[in-house]
Amino acid sequence: MNQSESARTMVVPLAFDGVGYRSWRRGILRALLLKNKVGFITGKCKKSGSNDATFNQWARCDDMVTSWIFNSLSNDLADSLQYVNDAKELWQELEDRYDHINGAKLYQLQKEINDLSQGAFDIIGYNTKMKRFWEELKTLNAHAQCSCQCTCGAKANMHKAEQDRILIQFLMGLNEVYAVVRGSILMMYPLPSFA
């Protein structure tokens, strides 16, 4: 443990109140990775026996991680989880409660993407909002992501098809003042990446 680390620290900017779990979860994981403490919630930092010389050190670190997570929850949520035994159990309880992908959430997000148009946004604002929606959709569909080592090119082709869908969705929502630019982009082969 670093001496500057405090049990009162809130490791993400906003407390989780039951809405937006995936974004909050991502922030917590990033913070714990930076502090080299993610092993306490994944179980890689195993609890040693109470007679082991490292037990007190493990317990202190685990209590610190547990405190950081509690400080990043709304008061109501934190109160409902006060009796968990350690950081791993706390994390598992949060995952069990909130890490659910349901059809309603997928529908809502896809509808927001489909309904999004530039409107009063400048190009950068519109682009940022579009990317945020697509990133959220991608995290919701994490189970559909391929992690194998592809040698046939199918994985690259699927990625390109996804990038093309994102680009076309972006172009569809642009204001009519960009009609000429939109037409020029659509004439390109292959379509440029939406990065």
Item to complete: Please determine if E95 and K88 form a salt bridge, counting it only when a charged side-chain N lies under 4.0 Å from a carboxylate O.
Response: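 So E95 does not pair with K88 through a salt bridge.
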Quick one, [X] and [Y] - any side-chain contact, counting heavy atoms below 4.5 Å?
X	Y	value
W91	V38	no
L29	R25	yes
R26	R30	yes
L109	E136	yes
Y178	I185	no
Q163	H159	yes
L137	F133	no

From [X] atom [atom1] to [Y] atom [atom2], the distance as rounded to the nearest 0.5 Å:
X	Y	atom1	atom2	result
K111	L116	NZ	CG	12.0 Å
K129	W134	NZ	CH2	15.5 Å
C45	N36	SG	CG	7.5 Å
L191	I166	CG	CD1	12.5 Å
T66	D62	OG1	CG	4.5 Å
F40	L90	CZ	CG	14.0 Å

Does [X] [atom1] have over 12 foreign heavy atoms under 6.0 Å away?
X	atom1	answer
N75	CG	no
I124	CD1	no
N175	CG	yes

Heavy atoms only: give me the nearest [X]-[Y] pair and the separation to one decimal.
X	Y	result
L81	F70	O-CZ, 3.3 Å
A154	C150	N-SG, 3.5 Å
Y83	E89	O-OE2, 4.5 Å
K138	E162	CD-OE2, 4.5 Å
D17	L77	C-CD1, 3.8 Å
S74	A15	N-CB, 3.9 Å

Practice prompt. Please work out which of the three classes, parallel, tilted or perpendicular, describes the rings of F16 and Y98, given edges at 30° and 60°.
Written response: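 Answer is perpendicular, since the angle exceeds 60°.
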Discussion item. Could you go through Q92 and I41, starting from their C-alpha distance and side-chain angles, then the distance that decides it, and tell me whether this counts as side-chain contact (heavy atoms from CB on, under 4.5 Å)?
Written reply: CA-CA 8 Å; Q92 191 58 56; I41 62 170; over 6 Å; no
Worksheet entry | Co-membership, hydrophobic cluster, residues M130 and V177, 4.5 Å side-chain |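 Looking at the clustering, V177 is in the same group as M130.
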Discussion item. When you group the ILVMFWY residues by side-chain heavy-atom contacts below 4.5 Å and let the links chain together, are V11 and L14 in the same group?
Written reply: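 L14 does not cluster with V11.
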Practice prompt. Go through L174 and Y126 one step at a time and tell me if the side-chain contact (heavy atoms from CB on, under 4.5 Å) criterion holds.
Written response: CA-CA 8 Å; L174 282 175; Y126 172 55; 3.8 Å; yes
Practice prompt. Check the side chains of D52 and T54 for a donor-acceptor pair under 3.5 angstrom, ignoring hydrogens and angles.
Written response: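 Present: a donor and an acceptor within the cut-off.
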Is a side-chain donor or acceptor of [X] paired with a backbone partner of [Y] at a separation under 3.5 angstrom?
X	Y	result
N71	S67	yes
E176	A179	no
W24	S72	yes

Worksheet item: Quick one: does NZ or CZ of K37 land under 6.0 Å from the six-membered ring centre of W68, within 45 degrees of the ring axis?
Response: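 No, K37 and W68 do not form such a contact.
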Worksheet item: Taking it one step at a time, do L94 and I28 satisfy side-chain contact (heavy atoms from CB on, under 4.5 Å)?
Response: CA-CA 12 Å; L94 288 166; I28 291 287; over 6 Å; no
Discussion item. As a quick check of understanding, evaluate side-chain contact (heavy atoms from CB on, under 4.5 Å) for N114 and M172, giving each step before the final call.
Written reply: CA-CA 9 Å; N114 290 343; M172 286 171 36; over 6 Å; no
